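Chain letters run A, B, ... following the sequence lines, proteins first, then strands; residues in each count from 1. Every value quoted in this text rests on a predicted model; they were computed, and no experiment measured them.
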Amino acid sequence: MFGYIKPFKPYMRVFEYDIYKSVYCGLCKDMSRRQGFVTRFTLSYDFAFLAIMDLALRQKKINAKKQRCIAHPLKKSLCLCGKNSCRYSSDTAVILTYHKLKDDLADKGIKGKAAAAVLLPFFKEPYKKARKKNLTLAKTTERLMELQRKTEREKNASIDLACEPTAQMMSAAFGGLSGDKQTKAKLKRFGYLLGRFVYLCDALDDLEEDIRKGNYNPLKEISGDKKLNGEMLKKVYAFTDMTVNLTLGAMAEVYISLDIKMYREILDNVVYLGLKNVYNNIKEKKEKGEYKYE
Amino acid sequence: MSNDPYKILGVSPNASDDEVKAAYKELVKKYHPDKFQDDGMAEIAQEKMSAINSAYDAVMEARRGGSVNFGGDHGGYQNNVFDSRQIRSLIQSGNITQAESLLNNVPMDSRNAEWHFLMGSVCYKRGWLNDAYNQFSAAAQMDPSNMEYVSALNQMNRQRSGYMAGGPAGGMPQSNTSFCSCCSDLICADCCCELMGGDLIPCC
């Protein structure tokens, strides 16, 4: 479910890319420091986006220094400093990843299960701590994971309902970025639609595998037919195209109304180019069997 | 959820004023939004609370001598047809659950174009965009002359084809437009013009 929120790098200016990377780097270090060494390896770009949105909303200038890091031990790279700059995103990453791992343990293939079983113990303590500090988010996520399992059990054919748990989760995550009532409402809608996009990407990405293994996938269920091939698959793709476009279109509307000033170009890049690029890559990967621009 | 105020309060229409008051107080205690820490739950509680409040007001108003104008069941409003003004203001104020329950109570055969439009708005506010699209299409199909329905549908159609408000004009680099195709488009246009008797590029 992670890794679908990314910038479109070819259209990023160098300094923008530096900022993006330094935030990612700072977030990774913050996780290692506060949440435990192992948690940092689960970090995905999604939370870097959350962190930049957070910085932009608080209008915080970035203070980055060149530091060494475990992923690139030989080269010093720019890294966001300051203890409080990405606390919330780091906590959110732990909360959401913990639940994802728990979910993987329950119903992924053997590889996913093994990975989840190895990682999960390292998340127990950090999750408790993060839960205490972000009780609302943690409780909402717990309730939504339950809803997710229910949706999967009932094999719900409505795409709107299938997206609901993930969308609500992201809605809660982004809603936590602001205390102001109006901004919070907008952020929640933004998060909701972004979560919807993420879920749709995930569903399309896993479609063939889910068909093969007989798992639940809302894109498979809409056809009503268990065997999907040729013509039907094309129809499913066309349907996904339209649904994704609708979602991004509505998301852009609320994104504009947020009227974020700082780091606007970076956020614009993700919202207008990055997401579409990720979606196109999934489609292309299906056609050619490989990722582009990676 | 019903739109009968007595059902919302959980008392029979024959209950005394004191019984109604007691039931109301009990519900307020149960659903007060401050009791819920979970954001989503608090929102639901909030909506529930406003439903309870308006039900209580309606009952009390009726007992003071006014008429019950709270929904279809109690003989108040325009024989089974829904009160679109009330629903619109509920949607506007973000009270989606109540708006939806009022809409759901409208019997199948009186669900007109406006019903579909309002239901579409409810879905849109929720973020259920596919349902919203279907409802807007139904509304526009039933009443194609209504600009409100048609423009709602048009807006979604634009989004469906990939429009993102405020996006860069250039769009994605993978698109088909390039210098080559620009020239070939022009030549193509020229040929078309010539066929029609005009000429776009005079030299060829």
Side-chain angles (χ1 to χ4, degrees), chain A residues 8 10-11 135-144 147 158-164 167-169 171-172 175-176 184-185 188-189 191-193 195-196 222 239 241-257 259 268-269 271-273 275-277 280-281 284 292-293, chain B residues 33-47 91-97 100 119-138 151-177:
Chain A
F8 181 60
Y11 267 34
L135 203 57
T136 317
L137 177 64
K139 277 193 173 170
T140 311
T141 313
E142 282 159 21
R143 178 172 61 85
L144 291 168
L147 181 67
S158 153
I159 194 85
D160 288 339
L161 291 181
C163 292
E164 184 80 2
Q168 289 277 8
M169 239 177 266
S171 168
K184 197 184 179 76
K188 283 187 84 167
R189 183 164 173 90
Y192 183 95
L193 294 164
R196 213 176 122 94
I222 49 162
F239 172 83
D241 267 2
M242 284 185 309
T243 313
V244 163
N245 282 342
L246 260 185
T247 309
L248 290 179
M251 196 184 83
E253 230 166 58
V254 59
Y255 171 70
I256 295 179
S257 76
D259 196 25
D268 275 359
N269 180 295
V271 169
Y272 294 114
L273 305 172
L275 298 178
K276 275 199 177 170
N277 180 55
N280 287 339
N281 279 347
E284 230 156 86
K292 209 178 168 187
Y293 289 121
Chain B
D34 290 355
K35 266 179 55 182
F36 298 88
Q37 275 177 325
D38 181 329
D39 253 12
M41 293 300 279
E43 229 167 72
I44 294 166
Q46 178 83 48
E47 288 173 14
I91 294 174
Q92 203 118 63
S93 62
N95 202 339
I96 303 300
T97 312
E100 192 190 17
M119 200 51 154
S121 308
V122 164
C123 292
Y124 193 82
K125 282 252 172 173
R126 282 238 164 95
W128 295 0
L129 302 175
N130 287 49
D131 285 351
Y133 182 80
N134 293 339
Q135 296 290 357
F136 285 151
S137 325
S151 72
L153 181 65
N154 280 345
Q155 198 210 349
M156 285 201 101
N157 265 329
R158 271 211 311 167
Q159 291 177 345
R160 231 158 82 116
S161 59
Y163 170 76
M164 287 176 84
M172 285 298 285
Q174 284 107 322
S175 71
N176 294 327
T177 38

Chain B: which of A:Ala252, A:Ala138, A:Ser171 shares the most heavy-atom pairs with it under 4.5 Å?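 Most heavy-atom pairs within the cutoff with chain B belong to A:Ala252.
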So which heavy atom on B:Tyr124 is nearest to which on A:Glu253, and how close?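 Looking at all heavy atoms of both residues, the shortest contact is OH-OE1, 3.2 Å.
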Does the A:Tyr272 side chain pair with the main chain of B:Ala165, one donor and one acceptor, at a distance under 3.5 Å?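 Yes, A:Tyr272 side chain to B:Ala165 backbone: donor-acceptor pair under 3.5 Å.
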If only atom types and distance count, is the side chain of B:Arg160 paired as donor or acceptor with the main-chain N or O of A:Gly249 below 3.5 Å?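 Looks like no, no N/O pair under 3.5 Å.
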Part of [X] lying under 4.5 Å from any heavy atom of chain B:
{"X": "A:Ile256", "result": "side chain"}
{"X": "A:Ala172", "result": "neither"}
{"X": "A:Val244", "result": "neither"}
{"X": "A:Glu142", "result": "neither"}
{"X": "A:Leu144", "result": "neither"}
{"X": "A:Phe239", "result": "side chain"}

Separation between [atom1] of [X] and [atom2] of [Y], rounded to the nearest 0.5 Å:
{"X": "A:Leu246", "Y": "B:Gln155", "atom1": "CG", "atom2": "CD", "answer": "10.0 Å"}
{"X": "A:Leu248", "Y": "B:Leu129", "atom1": "CG", "atom2": "CG", "answer": "10.0 Å"}
{"X": "B:Asn130", "Y": "A:Thr247", "atom1": "CG", "atom2": "OG1", "answer": "7.0 Å"}
{"X": "B:Met164", "Y": "A:Met251", "atom1": "CE", "atom2": "CE", "answer": "5.0 Å"}
{"X": "B:Tyr133", "Y": "A:Thr243", "atom1": "OH", "atom2": "OG1", "answer": "11.0 Å"}

Tell me, side chain or backbone of B:Arg158 under 4.5 Å from chain A's heavy atoms, or both, or neither? neither
Given the rule in the side chain to side chain contact (heavy atoms under 4.5 Å, CB included) test, do A:Glu164 and B:Trp128 qualify, once you have shown the distances and angles that lead to the verdict? CA-CA 8 Å; A:Glu164 184 80 2; B:Trp128 295 0; 2.7 Å; yes
